[in-house]
Amino acid sequence: MTENQTPKIAVITGPTATGKTALGVLLAKELNGEVVSADSMQLYRRMNIGTAKPTLAEMQGVPHHMLDVAEPNCPYSVARYVSEADACVQSVLARGHLPIIVGGTGLYIDSLVAGRDFAGEATDEKLRLELSEKYDTLGGEAMRDELFKLDPERAAKLHPSDKKRILRALEVFISTGKTITEHDAETQKKPPRYDAAVIALSFAERNDLYDRIDRRVDLMLQAGLFDEVRELLNSGVPENSTAMQAIGYKEAALALCGEITQEEAAERIKRESRRYAKRQLTWLRRKSEIAWILWNKTPDFDFARRYSTNFFSSLGVI
RNA sequence: GGAGGAGUUCCCGAGUGGCCAAAGGGGGCAGACUGUAAAUCUGUUAUCAGUGAUUUCGGUGGUUCGAAUCCACCCUCCUCCA
């Protein structure tokens with residue numbers, strides 16, 4: 001009786017280092033699922049240690065999608081993620097399996113679930129560069145004023161320093177003739193692509209999360225993060241590529257070229273990871289429909305498995 | 001033992017009589033977020049109270065209408081001479 005309903009899928013998210021990968025595999029095994037990763041950095045090939053990408057052993061035979069789908073020297077985007085990940089989800093559904101979205105990139109998950117459209121076809125690098133130079137010479141106020149004439153609604157929401165968003169809003173208008181506000185309104189009108197049951201993992205105490213992050217960074221360092229980054233750099237991945245903006249990678253790159261010590265790099269990686277986790281929490285906290293599992297000191301996967309299963313079945317996902 | 005120098009709010013660090021709860025940076029906390037999102041941007045950061053009050057600038061006294069800023073003594077640290 002539910003043939004034409006919005007497909008139901010499961011989502012496991014949460015800040016970094018909370019056990020999403022492990023829980024995803026556990027649930028996939030139990031619920032006949034396949035994992036679709038929602039991680040903006042794990043999708044790059046040859047970036048394994050620093051992204052905490054699941055190893056073959058950790059995957060335990062569970063199919064994982066959206067891992068290793070791009071070269072580190074090519075830019076990726078939400079738009080591309082949505083179309084590729086959506087194809088994966090569809091194929092999982094076609095196989096009669098449960099798609100389990102696992103990852104911490106909030107924007108990717110939201111966009112995939114909503115089936116969001118993005119304005120414009122491909123990015124026009126030349127236009128982007130032009131706008132960027134204009135911004136740098138004229139300043140944020142002037143550029144925001146310019147946007148105000150085209151799209152006052154969006155301009156009012158943006159801070160003059162918010163270069164990326166001001167430029168994107170301008171870029172959308174120039175390349176499509178429509179304001180980004182109009183685009184947003186249109187895509188918001190569409191019904192969600194999927195009916196997602198979202199579980200978020202975190203720790204009851206912020207300090208426990210932070211301790212875990214620190215410990216994991218130490219493990220990454222021991223596992224050879226610096227070597228991994230050196231290889232990427234040697235293979236010609238530019239330092240300003242999107243992939244190299246990943247936490248752990250940019251700091252390691254600085255240490256490798258001697259700008260900072262390895263100790264300093266290690267500290268920065270920890271600090272940036274903690275901050276990242278905080279931003280992830282900010283993103284997730286405003287979503288009311290999320291079911292949170294808050295670890296007490298250390299993950300309890302047996303509890304999480306039962307809790308998640310109950311939650312999914314109560315929502316008719318399984 | 002002698003001669004200099006320094007101790008500032010979570011940290012670094014400016015501040016030499018009122019405009020100082022104290023620049024700036026870091027860190028923390030909070031927020032935003034629709035084609036770079038592990039990115040980017042913003043706000044806030046002594047305490048209590050709704051424009052006010054209270055406690056801060058190593059310690060204790062003092063000068064002054066008024067001190068982080070001046071004086072005395074004390075404590076701690078650094079450099080140099082012995």
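Numbered from 1 within each chain, the chains take letters A, B, ... in sequence-line order.
Across every strand in view, A14(B) sits unpaired, with no contact that passes the Watson-Crick or G-U test at under 3.5 angstrom. In a base pair of the Watson-Crick type (N1 to N3 plus N6-O4 or O6-N4) or a G-U wobble (N1-O2 and O6-N3), with each distance short of 3.5 Å, C29(B) is matched with G43(B). Across all strands shown, A21(B) has no partner, as no Watson-Crick or G-U wobble contact with both distances under 3.5 Å is found. Nucleotide A49(B) is matched to nothing when pairs are restricted to Watson-Crick or G-U wobble geometry with both distances under 3.5 angstrom. Base pairing of U60(B): its partner is A72(B), meeting the Watson-Crick or G-U wobble criterion (both donor-acceptor distances under 3.5 Å). Partner assigned to U79(B) is A3(B), using Watson-Crick or G-U wobble distances below 3.5 angstrom.
When the nearest nucleotides of RNA chain B are assigned to Val172(A) and Thr51(A) by heavy-atom distance, the more 5′-ward of the two goes with Val172(A).
The residue Asp39(A) sits close to a base: some heavy atom pair falls under 4.0 Å. When heavy atoms are screened at a 4.0 angstrom cut-off, Tyr108(A) is found touching the sugar-phosphate backbone but no base atom. Looking at heavy-atom distances under 4.0 Å, Gly248(A) makes no contact with the nucleic acid at all. Nucleic acid contact class of Thr187(A) (heavy atoms, under 4.0 Å, all strands): base. Ser111(A) comes within contact range of no nucleotide atom at all, as no heavy-atom separation falls under 4.0 Å.
Ion pairing between Asp227(A) and Arg230(A) holds under the 4.0 Å rule for side-chain N and carboxylate O. Between Lys270(A) and Asp214(A) no salt bridge is recorded (no basic side-chain N to carboxylate O distance below 4.0 Å).
Protein atom CE of Met41(A) is 7 Å distant from nucleotide atom P of A39(B), rounded to whole Å. In this structure, NZ of Lys250(A) is placed 11 Å from C1' of A37(B), rounded to the nearest angstrom. Taking atom OH of Tyr81(A) as the reference point, atom P of A39(B) lies 18 Å away to the nearest angstrom. Residue Arg80(A) contributes atom CZ, which lies 13 Å from atom C1' of U36(B) at whole-angstrom precision. The distance between atom OH of Tyr276(A) and atom C1' of A37(B), rounded to the nearest whole Å, is 8 Å. Separating the NZ atom of Lys164(A) from the P atom of C41(B) is a distance of 8 Å, rounded to the nearest angstrom. Look at CD on Gln245(A): it is 7 Å from P on A39(B), rounded to the nearest Å. At whole-Å resolution of the value, CZ in Arg144(A) and C1' in U42(B) are 12 Å apart.
A distance of about 15 Å separates the P atoms of A6(B) and A72(B), rounded to the whole Å. Comparing the P positions of C10(B) and U63(B) gives a spacing of 30 Å, expressed to the nearest Å. Using C1' as the reference atom, G58(B) and U40(B) are 43 Å apart when rounded to the nearest Å. Atom C1' of A53(B) sits at a distance of 47 Å from the matching atom of A3(B), rounded to the whole Å. The same atom, P, is picked in C19(B) and in U60(B); the two are 23 Å apart, to the nearest Å. To the nearest whole angstrom, the two C1' atoms, one in G15(B) and one in G24(B), are 11 Å apart. Nucleotides A30(B) and U36(B) are separated by 26 Å at their P atoms, to the nearest Å. Going from the P atom of A82(B) to that of C11(B) covers 38 Å, rounded to whole Å.
Side-chain contact, Ser235(A) with Arg46(A): a donor N or O sits under 3.5 Å from an acceptor N or O. Counted by atom type alone, Lys53(A) and Thr21(A) present zero donor-acceptor pairs between their side chains at under 3.5 Å. At a cut-off of 3.5 Å, with distance as the only test, a side-chain donor of Tyr194(A) or Asp86(A) sits close to an acceptor on the other residue. Side-chain contact annotation: Tyr276(A) with Glu272(A), donor-acceptor N/O pair under 3.5 Å absent.
Judged by the 6.0 Å distance and 45° axis criteria, Arg285(A) is not positioned over the aromatic ring of Trp283(A).
Ring geometry, Tyr108(A) versus Tyr76(A): the interplanar angle falls from 30° to 60°, so the pair is classed tilted.
With hydrogens and angles disregarded, a donor-acceptor distance shorter than 3.5 Å links the side chain of Thr309(A) to the backbone of Arg305(A). Distance alone, capped at 3.5 Å, places no donor-acceptor pair between the Lys178(A) side chain and the His183(A) backbone. Proximity of a side-chain donor or acceptor of Lys134(A) to a complementary backbone N or O of Met143(A) within less than 3.5 Å is not detected.
The shortest distance between side-chain heavy atoms of Arg116(A) and Lys190(A) does not fall below 4.5 Å.
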For every nucleotide of nucleotides 27-33 of chain B, 5' to 3': is a protein heavy atom under 4.0 Å from its base (B), only from its sugar-phosphate (S), or from neither (-)? SSBBBBB

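Applying a 4.0 Å cut-off to non-hydrogen atoms, the residues of residues 68-79 of chain A that approach RNA chain B are Tyr76(A), Ser77(A), Val78(A), Ala79(A), listed by residue number.
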